[in-house]
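Report on the following structure.
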Amino acid sequence: MAAPTGNQGWAQLRQQARSLESQTETLFHTYSQFSTVSNIPAKPSKEEQETEAKLEELLDKRDNVVNQLSRLLDSEASLTSSALKQNNLSLLREKLAEHRRDLARLRSSLQEARNRANLLSNVRDDIQTYRANNPEAAEAEYMLDERNRIDNSHNMVDSVLSQAYATNENFAAQRETLTNINRRITMAASQVPGLNTLIGKISARKRRDSIIMGGFIAFCFVIFWFLM
C-alpha cells in the first residue's frame, strides 16, 4: 500500500500518530498498575504479558507512522509549510522516544518488585522449613518472643507510672505554691489596721443580704401558693 501524499496525507498520518499516542498512554496506566498489587505473582500474568505486547505493537506502529511522515516531509516543496511540519515531526519523535523509555522503566520496576516479592517469599519459606525441621529452636524462638512482649509491657507500665509520679509531684508543687500565696495574703491582711474588721463586716452584710433574699423568695412562694 503506497504512502499517502500531499497535505491530506500528512493530516491523516498525523491524526493517526496522535491516536496511537493516546492509546499508548491509556495502556501505560494499565501496565503501571501491575507493579502496585499487594501480592505480585512470581511470573507475569497473561494480562500483563498481553498489555506489554500491545504496548510494543503500538510503539512499532507509531515508529512506522513517523517514518512515513518523514518521507512525506522530504518530498515537500514548500519551505514555509515544511518548517511547521518539521516541528510537528520532531514532537512526535520525542514523544515516541519518551514512551519507549517509560516502557523500559516500567518493565524494570515490575521486575524489581517481582524480585523483592520472590525474595521475601523465599525467606519466609526458609524460616518455615527451619522451624519445621527444628521444633526445639522454634519453641525457644517463641519463648523469646513472649519474653520480648512481656518486657515491652513492663516498659509501658514503667512509663505510665513515671508520668503519674511526675503529675503527682506537679500537683504537690502547685499545692505548696497556693499555700504560700494564701499565707502571704493572710499576713498582709493582718498587717493592715482594720482590714480584718472590714472583711468581717463585708461577710456579715453578705450573709444578711442572703437571708433577706431567701425570706423574700419564700414570701413570694407562699403568696403564689395561696393565689393558685
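Position 1 is the first residue of the sequence; numbering continues from there. It should be emphasised that the depicted structure is a prediction, and the values quoted were computed from it without experimental measurement.
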Residues which pass salt bridge (Lys or Arg N to Asp or Glu O under 4.0 Å) with Glu21, listed by chain and number, not counting sequence neighbours: Arg18, Arg62
Without hydrogens or angle criteria, can the side chains of Gln33 and His29 be said to hold a donor-acceptor pair below 3.5 Å? yes
Spacing of Leu55 atom CG and His99 atom NE2 [to the nearest 0.5 Å]: 9.5 Å
Go through the structure and list residues passing side-chain hydrogen bond (donor to acceptor under 3.5 Å, both in side chains) with Glu56, not counting sequence neighbours. Arg107
Would you check if there is a donor-acceptor pair between the side chains of Ser19 and Gln23 at a distance under 3.5 Å? yes
Asp74 side, atom CG; Gln86 side, atom CD - distance, nearest 0.5 Å: 8.0 Å
Output for pair (Glu25 CD, Leu58 CG), nearest 0.5 Å, gives 11.0 Å
Determine yes or no for a side-chain-to-main-chain donor-acceptor pair under 3.5 angstrom, with Thr179 supplying the side chain and Arg175 the backbone. yes
How far does CD of Glu98 sit from OG1 of Thr24, to the nearest 0.5 angstrom? 11.5 Å
Contact check, side chains of Arg71 and Asn67, non-hydrogen atoms, under 4.5 Å: yes
Rounded distance (nearest 0.5 Å) linking atom CD of Glu57 with atom CG of Leu20: 10.0 Å
side-chain hydrogen bond (donor to acceptor under 3.5 Å, both in side chains) partners for Thr26, two or more places apart: none
Donor-acceptor contact present, side-chain Thr51 to main-chain Glu47, <3.5 Å: yes
